[in-house]
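On a predicted model such as this, the values are computed, not experimentally measured, just so you know. As a basis for the values below, the full set of heavy atoms in this structure was taken, side chains included, without hydrogen atoms, waters or symmetry mates. Counting from 1, the numbers follow the sequence of the chain as shown.
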Amino acid sequence: MSLETVSENRSFGGTQGVYKHRSQATGTDMTFGLFLPEAAQYGRVPVLWYLSGLTCTHENAMTKAAAQQWCDEAGIAICFPDTSPRGEDVADDDAYDLGKGAGFYVNATQDPWKPHFQMWHYVVHELPELIGENFAVDRDAMGITGHSMGGHGALTIAMTHPDRYHSVSAFAPIANPTESDWGRKQLSAYLGDDKAAWRNHDSTLLMSERGYPGEVLIDQGSSDQFLDLLKPEALAHAMMARRQPGQFRMQPGYDHSYFFVQSFMPDHVMWHAERLI
């Protein structure tokens, strides 16, 4: 796959790049951000995948999450994929929480979404292969995190592929989408009405059924305006019932914004670095 450099900027001793390529998974051009720490000049480095939330592109977390400084200090790369396919021929919806910017990290099986909305395959298989071939990252040392819809994606992907992702964390994840309006709407649109197909995309159900072999870190703001849609208590209860190693931290006074993500990004980067290096 050919790779186009959109931009590269020096940042905290490393390089923040933006790149574009033609995706076989989505059948569209896709853009992603990749920060390489200074350590990447001397050999391959671990890579942390950051999955963004509803309405975001690759750019939101890249510019707002304040991850680059901590990743350079830890000596790990961080990749910011887009949240959905883009293009004039890509299906969309008038609502902000379906269609472009709202891929939900699933492989759609229903029309009109099926031709392009193959975000699970893109994030788990295609993009890691691409960056492994073109940059100094170690595909045997990968962690995954994300915010909101991206936290949902990070948790479900990690619990499904624990052999690929040796660390996992999440910021305010959509924790129980099969029981939320942020989930039932999208999963029915992308995957159809068979709720059995939804189970693999619900971190609360996956936690109850299989868990994660390592520790899990989750931060949730107590003043998050979307608590009723995120349903963090369902995931917290599932973790306790399974006795899942890790931490579920309710952070007092924090909302759903990138100010919340920025505040705890150092903790998350170091969490992953300790498990990947």
Side-chain angles (χ1 to χ4, degrees), residues 3-21 23 28-40 45-87 96-97 99-105 119 122-123 127-128 130-131 134-135 137 142-154 169-174 219 221 224-226 251 254-273:
L3 192 66
E4 174 189 344
T5 300
V6 177
S7 64
E8 289 183 333
N9 298 95
R10 194 73 168 157
S11 177
F12 295 102
T15 301
Q16 176 61 65
V18 176
Y19 308 95
K20 182 183 291 186
H21 70 106
S23 168
T28 65
D29 290 338
M30 296 293 288
T31 303
F32 65 93
L34 177 66
F35 174 78
L36 291 173
E38 185 176 9
V45 295
V47 58
L48 175 60
W49 295 89
Y50 182 100
L51 306 186
S52 290
L54 289 167
T55 75
C56 291
T57 69
H58 70 281
E59 190 175 20
N60 295 72
M62 186 182 79
T63 59
K64 295 180 180 180
Q68 288 86 348
Q69 177 182 359
W70 310 110
C71 286
D72 192 76
E73 290 186 10
I76 65 175
I78 185 167
C79 187
F80 305 98
D82 203 346
T83 55
S84 76
R86 309 280 175 175
Y96 73 93
D97 57 358
K100 294 178 184 178
F104 250 73
Y105 304 102
M119 290 302 296
Y122 176 71
V123 167
L127 192 52
L130 178 70
I131 71 164
N134 289 276
F135 301 97
V137 299
M142 298 199 308
I144 192 166
T145 188
H147 174 228
S148 194
M149 179 185 72
H152 139 81
S169 70
F171 300 86
I174 299 175
D219 276 310
D224 193 313
Q225 58 271 45
F226 301 114
Q251 302 291 0
Y254 284 90
D255 59 18
H256 200 69
S257 71
Y258 269 101
F259 296 108
F260 158 66
V261 174
Q262 288 177 13
S263 299
F264 299 101
M265 181 58 73
D267 289 357
H268 284 247
V269 170
M270 295 307 159
W271 172 275
H272 289 276

Nearest heavy-atom neighbours spanning [X] and [Y]:
X      : Y      : answer
Val137 : Ala77  : CG1-CB, 4.0 Å
His147 : Ala172 : CD2-CB, 4.3 Å
Ala154 : Gly146 : CB-N, 3.9 Å
Ser84  : Ala102 : CB-N, 4.1 Å
Pro46  : Gly75  : CD-O, 3.7 Å
Pro85  : Lys100 : O-CG, 3.9 Å

Side chain to side chain donor-acceptor pair (under 3.5 Å) partners of [X], counting only residues at least two apart:
X      : value
Asp267 : Arg249
Ser257 : Asp255
Glu8   : Tyr19
Tyr254 : none

Task: Residues which pass ring pair (Phe, Tyr, Trp, His ring centres under 6.0 Å) with Phe226, listed by chain and number, not counting sequence neighbours - done: Trp182, His256
With a 4.5 Å limit on heavy-atom distance, are the side chains of [X] and [Y] in contact?
X      : Y      : result
Phe135 : Thr15  : no
Leu130 : Phe32  : yes
Asp97  : Met149 : no
Thr83  : Leu54  : no
Pro81  : Leu51  : yes
Ser148 : Ile174 : yes
Met119 : Phe104 : no
Trp49  : Pro128 : yes

Applying side-chain contact (heavy atoms from CB on, under 4.5 Å), name anything that partners [X], two or more places apart in sequence or on another chain.
X      : value
Gln262 : Ala66, Phe259
Ser11  : Gln16, Phe35, Gln68
Glu73  : Gln69, Trp70
His268 : Thr145, Ser169, Phe171, Leu217, Asp219, Phe264

- [ ] Not counting sequence neighbours, which residues clear salt bridge (charged side-chain N to carboxylate O under 4.0 Å, His left out) with Asp29? List them please.
- [x] Arg22
Task: Listed partners of Asp72 passing salt bridge (charged side-chain N to carboxylate O under 4.0 Å, His left out), at least two apart - done: none
Mind listing the side-chain donor-acceptor pairs of residues 56-64 below 3.5 Å, one per line with the distance, residues two or more places apart or on another chain?
| residue | atom | partner | partner atom | Å |
| --- | --- | --- | --- | --- |
| Thr57 | OG1 | Glu59 | N | 3.0 |
| Asn60 | OD1 | Thr57 | N | 2.9 |
| Thr63 | OG1 | Glu59 | O | 2.9 |
| Thr63 | OG1 | Asn60 | O | 3.3 |

Task: Distance, nearest 0.5 Å, that separates CG of Leu48 from CE of Met142 - done: 10.5 Å
Open item on the list: Using 0.5 Å steps for rounding, measure from the CE atom of Met30 to the OH atom of Tyr122.
Closed with: 4.5 Å
